[in-house]
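Read through the structure below, which is laid out as C-alpha cells, and then see the notes.
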Amino acid sequence: MEESRRPDFDSKEFQDLFHYDGPLGVELQPDATVFRLWAPTAERVIINLYRTGSDGAAAEQAALTYREKGVWEYRANKNLNGRYYDYDVTADGVTRRTQDPYARSAGCNGARSMALDLRTTDPEGWGSDAPPAKTPENIIYELHVKDFSWDASGGFAPEHRGRYLALTEKGTTVFGQGAYPTGLDYLQRLGVTHIQLMPVADYASVREENPAQYNWGYDPLNYNVPEGSYASDPFHGEVRVRELKQAIQAMHREGFRVILDVVYNHTYTMDSCLFATVPWYFYRCTPDGKPSNGSGCGNDIASERSMCARYIADSVLYWAEEYHVDGFRFDLMGLLDVELMRSIRKRLDDRFGTGEKLLYGEPWSAAHTCLSRPVALADKAALAQMPGIGAFFDYTRDAVKGSFSACGAPGFVNGGGMNAAALERCLRGWNGLTDYRALSPDQIVTYLSAHDDHTLWDKLIYTMRGGAGFTGADAEVMRANRLAAAICFACPGHLFFLAGEEFGRTKCGDGNTYNKPASLNRLDWGRAAQNRTLVDYYRGLIALRKQLPGLCDKTAQAAARFTEITDIDESCVRVRVDNAGGSRWQELLLYFNAACEPSEQPLPAGFWQVLADEASAARWQEEQYRTGSVTLSSISAQILGR
Ligand code: CA
C-alpha cells in the first residue's frame with residue numbers, strides 16, 4: 001500500500017469515526033451465531049466456514065454486513081459451535097485471507113479460527129478452581145512447557161512429554177525410579193510460589209503436528225488461542241483450551257499461582273491477522289513508511305492507538321477471566337505505553353481486586369521504536385507513573401555474575417570483586433541510585449537468570465573455567481553459584497529465576513537457544529538429582545526468605561532497612577538489615593565473601609544465630625550461634641540473625 005493512501009490513524013477524526021467498545025469475535029447463541037470483525041478500512045469482508053481446522057475447502061461462504069464504527073457482522077441462524085472459519089478482507093483493492101484476531105481457538109497451525117462454546121472446554125471442578133492463598137514472598141519460577149517434561153529423566157507419562165498435561169502429573173520421579181522427585185512434586189519441595197510459563201499463546205514457528213520441533217514461542221500468531229503443539233491433539237481446537245485449563249487447575253491445586261508470559265509488542269511477521277484486517281493500523285512506522293523495529297523482530301505494535309490498546313487489554317482480561325491466570329509478564333514492556341499498562345492494571349483491579357493479579361515486564365526494548373506522536377513508554381524511568389506494575393531489575397543480574405552482553409565479564413562472585421557501592425545499587429537502586437524510578441520494591445523483579453542469555457551455571461563456567469566443563473559439577477563453581485543465589489535472595493523485590501538455575505542447568509554454553517532442539521533446552525532431571533545439594537541450598541534460601549520481613553518489605557521504607565553496607569576489603573562486603581516485623585530475628589548480618597581465601601571477621605556484640613553459610617541455607621533450622629567473631633569460608637555467604 002502506498003504510504004500516502006494510509007488514513008491518519010492518529011487523527012481525532014479517525015478516532016471519532018471508528019473507536020468501538022462493543023463485542024467483537026464470535027457470539028454463540030442457542031439458535032444463532034454472530035461474527036463481528038473490526039475492519040474500518042475494508043471495502044468488503046467475506047466469511048469462509050469449514051468443517052475442519054486445517055484442510056478441505058470452505059463449506060459455506062457469506063458476505064459480512066457493515067454495521068457501524070468500522071464493525072462488520074455476519075449472523076447465522078444456527079449455533080455453529082465447533083465450526084472453523086476465516087475471513088477474506090478487501091482493503092484498497094487487495095484481498096487478504098486472515099483468521100479472526102478475537103478467535104478463542106483455532107485449527108492446527110492457527111490459520112483458521114474456531115467458533116467455540118468455552119463452557120464445553122471446562123475441566124471437571126473448574127468452577128471451584130482458585131489460586132492458593134498469597135505467601136509472604138513471591139518466588140517466581142520461569143518455565144517452558146516443553147522443557148519441563150521433554151526429557152525421559154522426568155519420568156512423565158510418554159504421551160504427556162512436552163505437553164500441557166505433564167503439568168497435571170503427580171508422583172513423578174527421576175526415570176520413574178522413586179528416588180528423587182520431578183515435576184510439580186519437585187517444585188513443591190523447592191518452595192517456589194509462582195510458575196511463570198513462557199509463551200503459551202499460539203505462536204507460529206513450529207509445526208503443531210510435529211512435536212519434535214522446538215521454539216521458545218516469542219513469535220505470536222493468535223493472541224487469544226493456546227499453542228497447539230503442547231496439546232495432545234492440535235487438530236481439534238477445543239482440546240488445547242481444555243488441556244491448558246487442566247494444567248492451570250493442577251498447578252493451583254498443588255499450591256502454585258500461574259503467570260503467563262505475553263508478547264504484545266510484535267507479531268511473528270507483518271503477514272498477521274492484525275495487518276490483514278486493518279492494514280498498518282496496529283503497527284508503528286518509520287518516517288518513510290516502513291515497519292518500526294524496536295522489538296528486533298521486524299515490527300512493533302502501535303499499543304498507543306485506542307483499538308490496539310483495547311485489543312491488548314481485552315486479551316489480558318480474557319486470559320485472567322477464562323483461564324484463571326494470576327499474573328502476566330510483558331515481553332519488551334518498554335515498547336508498550338504507560339497509558340495502556342495503567343489501564344490493564346485498573347481493569348484487573350476492578351474485576352479481581354486490587355493487586356490480586358501480578359503484573360511486571362521487561363522495562364526496555366531491543367532498539368529504538370518510531371512513534372508518530374509523543375507517547376510515554378513503559379520503561380524503567382516510567383515506573384513511578386505505573387503503580388502496581390513491576391520491572392525486571394538488571395543491576396543485580398549484571399553485578400552478581402557479570403554483564404549479560406560480554407560472556408567473559410565477571411561479577412561479584414566470579415572474580416570481578418565485591419563492592420559495597422555496586423551492592424548498594426542492588427539493594428537500594430530501585431529509585432534514584434540507578435535509572436529505575438520505582439515507587440517501592442513492589443515494582444522490582446530481582447533475578448540472576450532468565451531464558452535469555454546464558455544460564456547462571458554456563459556464565460560461571462565461562463568466567464571461571466574458560467568455557468570448559470559445562471556438564472560437570474566443579475566444586476568452586478558450585479560455591480560461586482551458592483554465593484550468587486544468597487546475594488540475589490538478600491535483595492529486595494519479587495524473586496525470579498530460570499527453571500533449573502537451582503540445579504546448575506546448562507545449555508552447554510549456548511546463550512540463545514530459542515530455536516535449538518528440545519534436547520538442549522530440556523530440564524535434565526537427572527542433573528537435578530545429581531546436584532541436589534545445590535537444589536537444597538536454593539530450597540533453604542527460599543524458606544528462609546519467607547521468614548525475613550526485612551528483605552520481603554515491598555514498601556518505600558525498604559531502602560532504610562539496609563542500615564549498613566560496608567566494604568571489608570575488595571572482595572568482601574558486610575550488610576546489616578533491620579528485620580523487625582514479626583520475625584524470630586530483629587536484625588540480620590550478611591557477609592558476602594568472594595575471596596578465594598577464608599577470613600576471620602569480628603562480630604558486633606551479641607549472640608548471632610547462623611541462618612545460612614557456605615554449605616547450607618537451612619542452618620536456621622539448627623541452633624548454632626556465633627559471638628565475638630565469625631569465620632568466612634572462601635567464595636561464600638554467611639547470613640546471621642539475632
Ligand atoms: Ca502454533
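First listed ligand is number 1; within each ligand, the first listed atom is number 1.
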State plainly whether the residues [X] and [Y] are in salt-bridge range, i.e. N to O under 4.0 Å.
X	Y	value
Lys346	Glu339	no
Asp510	Lys507	no
Arg83	Glu60	yes

Check: Counting only protein atoms, how many N/O/S atoms are less than 3.0 Å away from the Ca ion (ligand 1)?
Finding: 4
Check: Relative to each other, are the rings of Phe497 and Tyr141 parallel, tilted or perpendicular (30° and 60° limits)?
Finding: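 It falls in the perpendicular class, over 60°.
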Next item on the list: For Asn512, look at atom CG and say whether over 12 heavy atoms of other residues, nucleotides or ligands are found less than 6.0 Å away.
Entry: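 Yes, the 6.0 Å shell around CG holds more than 12 heavy atoms from other groups.
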Notebook entry, point to check: For the side chain of Gln213 and the backbone of Arg207, is there at least one donor-acceptor N/O pair under 3.5 Å apart?
Noted result: yes
